[in-house]
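In what follows, a structure is listed as structure tokens, so that the remarks can point back to it.
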Number of protein chains: 2
Amino acid sequence: MDITSGNLANPKISSVRDTSTLFEVCVDSIESAVNAIKGGADRLELCSALLTGGLTPSTSLLREVKKIAENKPVFVMIRLRDGDYCYTDKEIEIMKMELIDLKSCGADGFVFGLLKQDGTIDAKGCSELLSMAFPLPCTFHKAFDVADVDIQTLVQLGFKRVLTSGKRKNITKGITEIKTLIAQSGGKIIILPGGGITKNNICTIVKETGAKEIHGSFSLAKHSDMLNKAVDFSSDFRQGGYFTRTVTSQELLGEAKLLVQKSINHSF
Amino acid sequence: MDITSGNLANPKISSVRDTSTLFEVCVDSIESAVNAIKGGADRLELCSALLTGGLTPSTSLLREVKKIAENKPVFVMIRLRDGDYCYTDKEIEIMKMELIDLKSCGADGFVFGLLKQDGTIDAKGCSELLSMAFPLPCTFHKAFDVADVDIQTLVQLGFKRVLTSGKRKNITKGITEIKTLIAQSGGKIIILPGGGITKNNICTIVKETGAKEIHGSFSLAKHSDMLNKAVDFSSDFRQGGYFTRTVTSQELLGEAKLLVQKSINHSF
């Protein structure tokens, strides 16, 4: 990398390599996956429909993403519908089948979260999914942010990570909470800040929380190349729209990585 | 049915049974599928993420929906991402694999649409998917409404149906176009009006277009039963939201069916 080349004799600078931040990039298309890998993603979180917060992707998409992932781990979202994280028994059965299918297609880990109606964790449902995923690592996703769940419970259940915006609407307002969670974790579970990370706040988040891994989409609106945009059309698409979708940007991800690396260097 | 019982001796009334309208209900959850079947759906269109216009559902969801579908056909959406219908070769390869997986899990038909950048049909891509789906029937979905494609081309390719809101933003404004399409079809392809059908406009659409099949979600916003709704949470969900999702209503579907049946009766 430019910022370290020629400085290997300097122990402070060379140690940057040990303090680098791991970038997990959430993607919901093959195009975003390709861009994320090119941009330097260290791990992918594969979903469909990120517009809804992320749903279970197809096994076919996973198989293709694995082909281009260059041995970077691909963690897979298990969430069969939008809305809350309080599932019926039948829904949990479907999610179990989805997990088994995706495990057999090369998933390197899973991301899910199941709650009870009172906001506490559905320990039984989570345990069942965790045991089916074993020995692959599982992340408890942002259901955590609406949950009455403590870190120790997640550790005891066997989750390796928790994805959180610090239980706050805006992740920059959740920095104190994330810092507290990292302290509480005692290194037994990885706290993965995510949700609203941008190049404008990423350095602050990494430096102030001490998080070793971060999660984001690093995406931009991409306008359709279709030539007939003037047609009177909206259909029943209630959002997003036909002519624009959100795609991970190789450049934006690269820029964010560089900013973090520079920021860490400057703190030495 | 209540409205026909006791009238079998009257040839005009008894013939209602032959003029009944087929209701295809699009669903994106097991809960919506159950409600659709209970409400009298004649066929399901199974998707995920209807908020984005519908994406390919998981094989696990299809398997469970087939169990409760009471022998009603389940047509399956093949659309691997949101946005436009102009796909890369790699994306078409993934959709082919999705179709094969879903066919092996009991799909009764498929719903897709592939366009070229100039808005004409991607005949090669469509033909490949059609041949893989064979002998199951395929519907060209609402890509039609932004496409420069005529009905005869769809017939020649082998589509059995086309889902359309009459190339207009509001289906009630597309009634004339749908009527024209039905005339052009010459009975060789079924014109399936959909997109914005409500109990307020369904009778007008059915009567004025003469459509024999209609398509809708017949859904209502359903609020989460979670008890902790006060939490400061929005995460990066750009729409829909955590506490509300859209679910097919058995009652709403039943009401719409009754309205149409009464409307047809009254026209005799």
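So you know, we letter chains A, B, ... as the sequences are listed, proteins then strands, and number each from 1.
- Only the side chain of A:Leu55 comes within contact range of chain B, with at least one heavy atom under 4.5 Å from a heavy atom of that chain.
- Here CG of A:Asp84 is found 6.5 Å from CZ of B:Arg245. Values are rounded to the nearest 0.5 Å.
- Summarising the geometry, atom CG belonging to A:Leu62 is positioned 10.0 Å from atom CE belonging to B:Met97; distances are rounded to the nearest 0.5 Å.
- Applying the 6.0 Å contact sphere to NZ of A:Lys66 captures more than 12 heavy atoms from other residues, nucleotides or ligands.
- Between atom OG1 of residue A:Thr52 and atom CG of residue B:Leu50 there is a gap of 11.0 Å, rounded to the nearest 0.5 Å.
- With rounding to the nearest 0.5 angstrom, the CG atom of B:Leu80 is 6.5 Å from the CG atom of A:Leu61.
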B:Met226 vs A:Leu115, side-chain contact (heavy atoms from CB on, under 4.5 Å): CA-CA, chis, key distance, verdict:
CA-CA 9 Å; B:Met226 295 292 286; A:Leu115 302 181; 3.9 Å; yes

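- The line from OG of B:Ser224 to OH of A:Tyr85 is 10.5 Å long, rounded to the nearest 0.5 Å.
- Contact of A:Ile30 with chain B is made through the side chain alone, with heavy-atom distances under 4.5 Å.
- Proximity to chain B is absent for every atom of A:Lys96, based on heavy atoms less than 4.5 angstrom apart.
- A distance of 8.0 Å separates CG of A:Leu102 from OG of B:Ser60, quoted to the nearest 0.5 Å.
- Neither the backbone nor the side chain of A:Thr164 comes within contact range of chain B; no heavy atoms are under 4.5 Å apart.
- With a 4.5 Å cut-off on side-chain heavy atoms, B:Asp101 and A:Ser58 do not count as touching.
- For chain A, the nearby part of B:Lys116 is the backbone; its heavy atoms alone come within less than 4.5 Å.
- Proximity of B:Glu64 to A:Glu93: side-chain heavy atoms (C-beta onward) are nowhere separated by under 4.5 Å.
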